[in-house]
Amino acid sequence: MSRKQRIVILRELLQAGLDLLGEQNEVCLGGLGSTPEDWLNLVRGADAIVADPTVPVGADLLDSAGSDLKLVANFAVGYDNVDLDACAERGVVVTNTPDVLTDATAELAVALTLAAARDVPAAERSLRAGEWSGWDPAAYRGFELTGSTVGVVGMGRIGRRYAEMLRGFGVEYLYTSRRAREEVEVELGARRVGLNQLLAEADVVSLHLSANDETRHTINRETIRLMKPSAVLVNTGRGALVDSSAVAAALAEGRLGAAGLDVYEGEPEVPPELLDAPRTTLTPHIGSATFRARDRMAELVARNIVEVLAGRDPVTPVG
Ligand code: DGY
């Protein structure tokens, strides 16, 4: 009888995914509280590993897993936590969960755009604190999305969906992308420009880039200087895209209009300067956190495992 294949879920996979893994496999769960040391032990003899954005997958973890390891299935579309070269050197396939979270993440970007532009969290806090003394024409004013210029930095799947969702606001679009996206130019009248021009002209700047050495701190002290003092910055990509000290300082000094952020460098720590910054809407990395998207992500993780462990091609390989 052939041995059971060992699938190690370093933290957690939702039931929708677990249901697909079948009883013929040995499934081990680290749990949300597991530590990097636990992971090194847990992965020993694994055929497949399930990681997520909080789990760095590097040479040490892969070597601890050993030579049976065939797959790292990342429970996320982003895979900056996975050392792709180290995986390739060991012949380990890497998969992610694209498409199924596009709508959910784009919707959160829209929510953050509106919440930040109108500073909804501050208005709500003020109301709850009993500070609201009645309708006041000068109070609680924010920026209006209708008719504004929206800059989409990175016109991939999520950036495009975000742009499509804003159509009802009658906005104009600028975008950056390594290659021209004819579909969005035709469909939305979007104009492809360089990053500096986008930053200088956009009223809303929404980041939809993957994190790597090239994109680290795309928004920094210098690039913020190019932006309008009323600009709304939105980040649902990765925390590393933004220098949070520079953003917090610009908000505090009125050189940036507002920020809606879902991701942070060094999560789950949130840079304290952002917590103190004015006109800032902060959410805890919930871009894909809808019931539908997270279930579908879990299913895709499991489908990749089933395919690869059966010797077939992965459904959504990375690279
Ligand atoms: C992703 O899939 O990369 C998301 O950030 C996870 O929520």
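All residue numbers in this chain count up from 1 along the given sequence. Both counts, for ligands and for their atoms, begin at 1 and track the order of listing.
- Neither the backbone nor the side chain of D52 comes within contact range of ligand 1; no heavy atom lies under 4.0 Å.
- Sorted by first and then second residue, the pairs that involve residues 113-123 and meet side-chain hydrogen bond (donor to acceptor under 3.5 Å, both in side chains), not counting sequence neighbours, are T113-Y162.
- Short contacts between ligand 1 and H285, defined as distances under 4.0 Å to a heavy atom of the residue, involve ligand atoms 4 (C), 5 (O), 6 (C), 7 (O).
- Using a 4.0 Å cut-off between a side-chain N of Lys or Arg and a carboxylate O of Asp or Glu, R216 and E265 qualify as a salt bridge.
- The pair E307-R303 fails the salt-bridge criterion, with no side-chain N (NZ, NE, NH1 or NH2) lying under 4.0 Å from an Asp/Glu carboxylate O.
- Between D47 and R3, at least one side-chain nitrogen of the basic residue sits less than 4.0 Å from a carboxylate oxygen of the acidic one, meeting the salt-bridge criterion.
- Close N/O approach between V77 and ligand 1 is found [any backbone or side-chain N/O within under 3.5 Å].
- Each ring-ring contact (aromatic ring centres under 6.0 Å, His included) pair with one or both residues in residues 87-111, not counting sequence neighbours, would appear here, but there are none.
- Atoms of ligand 1 lying under 4.0 Å from any heavy atom of R238, numbered from 1 in the order shown and given with element: 1 (C), 3 (O), 4 (C), 5 (O).
- In the vicinity of G78, heavy-atom distances shorter than 4.0 Å reach the ligand 1 atoms 1 (C), 2 (O), 3 (O).
- Taking a cut-off of under 4.0 Å to the non-hydrogen atoms of A76, the atoms of ligand 1 that pass are 1 (C), 2 (O), 3 (O).
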For side-chain contact (heavy atoms from CB on, under 4.5 Å), just list the numbers for M155 and R192, CA-CA rounded to whole Å, side-chain angles, deciding distance to a tenth of an Å, and then say yes or no. CA-CA 9 Å; M155 191 56 99; R192 180 168 170 247; over 6 Å; no

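- In this structure, E201 pairs ionically with R191, as a charged nitrogen and a carboxylate oxygen lie closer than 4.0 Å.
- Atom numbering of ligand 1 starts at 1 in the shown order; those under 4.0 Å from a heavy atom of R294 are 7 (O).
- Geometrically, ligand 1 and T97 share no nitrogen or oxygen pair separated by less than 3.5 Å.
- Atom numbering of ligand 1 starts at 1 in the shown order; those under 4.0 Å from a heavy atom of S288 are 6 (C), 7 (O).
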